[in-house]
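Data block below; observations after.
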Amino acid sequence: MATTQSVTRYLSPSQVDLDKIASLCKRRGFIFQSSEIYGGLNSVWDYGPLGVELKNNVKRAWWRAMVQERDDVVGLDAAILMHPQVWHASGHVAGFADPLIDCKVCKQRFRADHLWAAFVNGVKDKDGAPVLVTGEGSTPEEAAAEMAPRAKKLLKASLTEIKPVLVKDLADRDRVPCPACGAVGSLTEPRMFNLMFKTFLGPVEDESAVIYMRPETAQGIFANFDNVLTSSRMRLPFGIAQTGKAFRNEITTGHLTFRSREFEQMELEYFVRPEEGERWLQYWLEQRRGWYLKLGLRPDSLRLRQHEKEELAHYAKDCYDVEFTFPWGWAELEGIANRGDFDLTQHARSSGKKLAYFDPSTGSGEKGEHIVPYVIEPSGGVDRATLAFLIDAYDEEPPPAGTEEARVVLRLHPALAPVKVAVLPLSRKEPLVNMARDIARELRAPSAGSGWAVAYDDAQSIGRRYRRQDEQGTPYCVTVDFQSLEDKAVTIRERDTMSQVRVPVAELAAALRERLGL
RNA sequence: GCGGGAGUAGCUCAGUGGUAGAGCUCCUGCCUUCCAAGCAGGAAGUCGCGAGUUCGAAUCUCGUCUCCCGCUCCA
């Protein structure tokens, strides 16, 4: 849509007031809180009539770019419920359930398996009780290194004398100081935080029937790796794509739909030869960045950020985040990771099935070789992308005179806009209404534009209706006036510039197709 | 989960013990020409929910739910 590219923007995403987005979303029917009539359900959200169109458009654009416009990616729709062993093999049962310890004084939170303490030889406090030092670390050595300076302050103790013990294993935590604020006896008992939702398979609530609701869609892809390989005869490199719901009992939720407990993912697992992993990671970084830009996000709103070594998940060899400048700061839209062969290896081990790609053309022998591919994973949040598109598109145009209200407009890309065209009779007189309804019907027909959502609105003044459409991001309004009855021509009014052009009704569909670029 | 702030009409908010309000939105009608216009009429609130105190609670007390802001994590 060439006409909108030079449009003046008044707000950048970081200047947008999230409360105004939330208010608009509710007022116009994009996003509602779940179970609102019962007081709401914590961090669960519903998409209203406009929201479901927008979200479906996001998913459709992703599916087109990732699956339908490529010959090396196929789709999948795996079930939410899977064999519990999947989540043991993937590391989620171990990794997603952490005992955590809080400091009641400074409110810091620590992973119980990363929080260590050690007695400092011979040092006693005023009451004659032994004194402890604390430190964080994934290993006792790391913790000891952190404790050393603290211990030295108390005594000329050398490193070899520090023997860290996990705080959670200590009989009494009363004398353990908080490693952050130093307050003694402020640490809570370790409490289990399990991020996976549990339920029961079958009507009997027996412990042996416990299964999980998937915390990510990726494992459905890995579990079906061999099925897809043998049924679709894909050759390396190739990918399997899937969108779908995932569930996590997040400790901290919030920022509207940004972090919720039920959310939707769009994930690609792209299988490559191990030695080509880094090259394909770079390739997908550019592809995914380009996708967001093509759908209208401003380049300034996006950045790629490489994970620090310490930041990497247990499975990742390398990882980048696609980040968006949300009103509260930069935050992740999508993670793009090189997962190595972790997942296929784990599932092969756990299931006893061979999960490998057989390449007859390579290998030292004549029979070819089995390769366990590396996997590059662009894993995006549908709800996050939808929210980012909303925020990036949101604009408030100051009124020229200064007396009217600001014009609120969602400058959504036409491919994402919930409604593509609104047909508006200038007045509610019957001949105008009839003509406008006919035009709307014609524009909805497949021959006009495939799958266009077309709105018809004749309530209240024309200016009010334009603003209403602006606020929900409708790119074009078609206005039928009294002259239209005679000259069979209508006005196309553009959302971003408010400019108008008159076209014959016979050429309307073609004119809109060209402008929408769909 | 912990700390702070907040829940009154669809939205933004006023109302501090005595009959639930305003602006905008929304709906109906009038208006022959275009950007939240005008006129007339109308709809809409278990004051988040539940107890308690009181002759009487939107208002005071307690509990609870939800949202927003911080803290560790993730798509």
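Letters A, B, ... are given to chains in the order of the sequence lines, protein chains preceding strands, and every chain is numbered from 1.
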Donor-acceptor under 3.5 Å ([X] side chain, [Y] main chain):
| X | Y | value |
| --- | --- | --- |
| A/R428 | A/Q460 | no |
| A/S23 | A/D19 | no |
| A/N224 | A/G220 | yes |

Give the rounded distance in Å between these two atoms: [atom1] of [X] and [atom2] of [N].
| X | N | atom1 | atom2 | value |
| --- | --- | --- | --- | --- |
| A/E250 | B/rC67 | CD | C1' | 18 Å |
| A/E396 | B/rU12 | CD | P | 14 Å |
| A/I21 | B/rU12 | CD1 | P | 13 Å |
| A/I37 | B/rU46 | CD1 | P | 12 Å |
| A/D19 | B/rC68 | CG | C1' | 6 Å |
| A/F258 | B/rC74 | CZ | P | 12 Å |
| A/I336 | B/rC74 | CD1 | P | 16 Å |

Choosing from [options], which nucleotide comes nearest the side chain of [X]?
| X | options | answer |
| --- | --- | --- |
| A/I462 | B/rA75, B/rC34, B/rA36 | B/rC34 |
| A/R493 | B/rA75, B/rC68, B/rC35 | B/rC35 |
| A/S23 | B/rC67, B/rC11, B/rA36 | B/rC11 |
| A/R259 | B/rA75, B/rC35, B/rC34 | B/rA75 |

Ignoring hydrogens and geometry beyond distance, is the side chain of [X] in donor-acceptor contact with the base of [N] at under 3.5 Å?
| X | N | value |
| --- | --- | --- |
| A/R248 | B/rC74 | no |
| A/R407 | B/rC35 | no |
| A/Y38 | B/rC65 | no |

Between [X] and [N], is there a contact of a side-chain N or O with OP1 or OP2 at under 4.0 Å?
| X | N | value |
| --- | --- | --- |
| A/K26 | B/rC11 | yes |
| A/H255 | B/rC67 | no |
| A/N42 | B/rC67 | yes |

Have a look at [X] and say if it touches a base, only the backbone sugar-phosphate, or nothing, with a 4.0 Å heavy-atom cut-off.
| X | answer |
| --- | --- |
| A/S43 | sugar-phosphate |
| A/T479 | base |
| A/T217 | nothing |
| A/L24 | nothing |
| A/E267 | nothing |
| A/Q33 | sugar-phosphate |
| A/E334 | sugar-phosphate |
| A/L256 | sugar-phosphate |

I'd like the [atom1] distance from [M] over to [N], given in whole Å.
| N | M | atom1 | value |
| --- | --- | --- | --- |
| B/rA37 | B/rG56 | C1' | 47 Å |
| B/rG21 | B/rU16 | P | 15 Å |
| B/rG29 | B/rG48 | P | 36 Å |
| B/rU12 | B/rA36 | C1' | 15 Å |
| B/rG7 | B/rC39 | P | 33 Å |
| B/rU53 | B/rC62 | P | 15 Å |
| B/rC31 | B/rG18 | P | 48 Å |
| B/rC67 | B/rC27 | C1' | 30 Å |

Under 3.5 Å on both distances, the Watson-Crick or G-U partner of [N]:
| N | answer |
| --- | --- |
| B/rC2 | B/rG70 |
| B/rC11 | B/rG23 |
| B/rG38 | B/rC30 |
| B/rC49 | B/rG63 |

Under 3.5 Å between N/O atoms: give me all the protein pairs with nucleotides 39-43 of chain B, atom names plus distance.
none

Centroid-centroid under 6.0 Å between A/W328 and A/F258 rings: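 Ring-ring flag for A/W328/A/F258: true, centres closer than 6.0 Å.
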Between [X] and [Y], does any side-chain donor sit less than 3.5 Å from a side-chain acceptor?
| X | Y | value |
| --- | --- | --- |
| A/D383 | A/Y47 | yes |
| A/S12 | A/Q15 | yes |
| A/T217 | A/E267 | yes |
| A/R60 | A/N57 | yes |

Kindly confirm or rule out a cation-pi arrangement of [X] over [Y], judged by NZ or CZ under 6.0 Å from the six-membered ring centre and within 45° of its axis?
| X | Y | value |
| --- | --- | --- |
| A/R288 | A/Y292 | yes |
| A/R303 | A/W330 | yes |
| A/R384 | A/F263 | no |

First encountered from the 5' end of RNA chain B, between A/R465 and A/D383: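 Mapping each residue to its closest nucleotide by heavy atoms, the 5'-most match is A/R465.
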Stepwise salt bridge (charged side-chain N to carboxylate O under 4.0 Å, His left out) check, A/D458 with A/R465: CA-CA 8 Å; A/D458 61 15; A/R465 281 178 277 162; over 6 Å; no
Which atom of A/P475 lies closest to which atom of A/V419, heavy atoms considered: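 For A/P475 versus A/V419, the nearest heavy atoms are CD-O, 3.2 Å.
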Nucleotides 24-33 of chain B: protein proximity per nucleotide (B base, S sugar-phosphate only, - neither; heavy atom, under 4.0 Å): -SSSSS-SBB
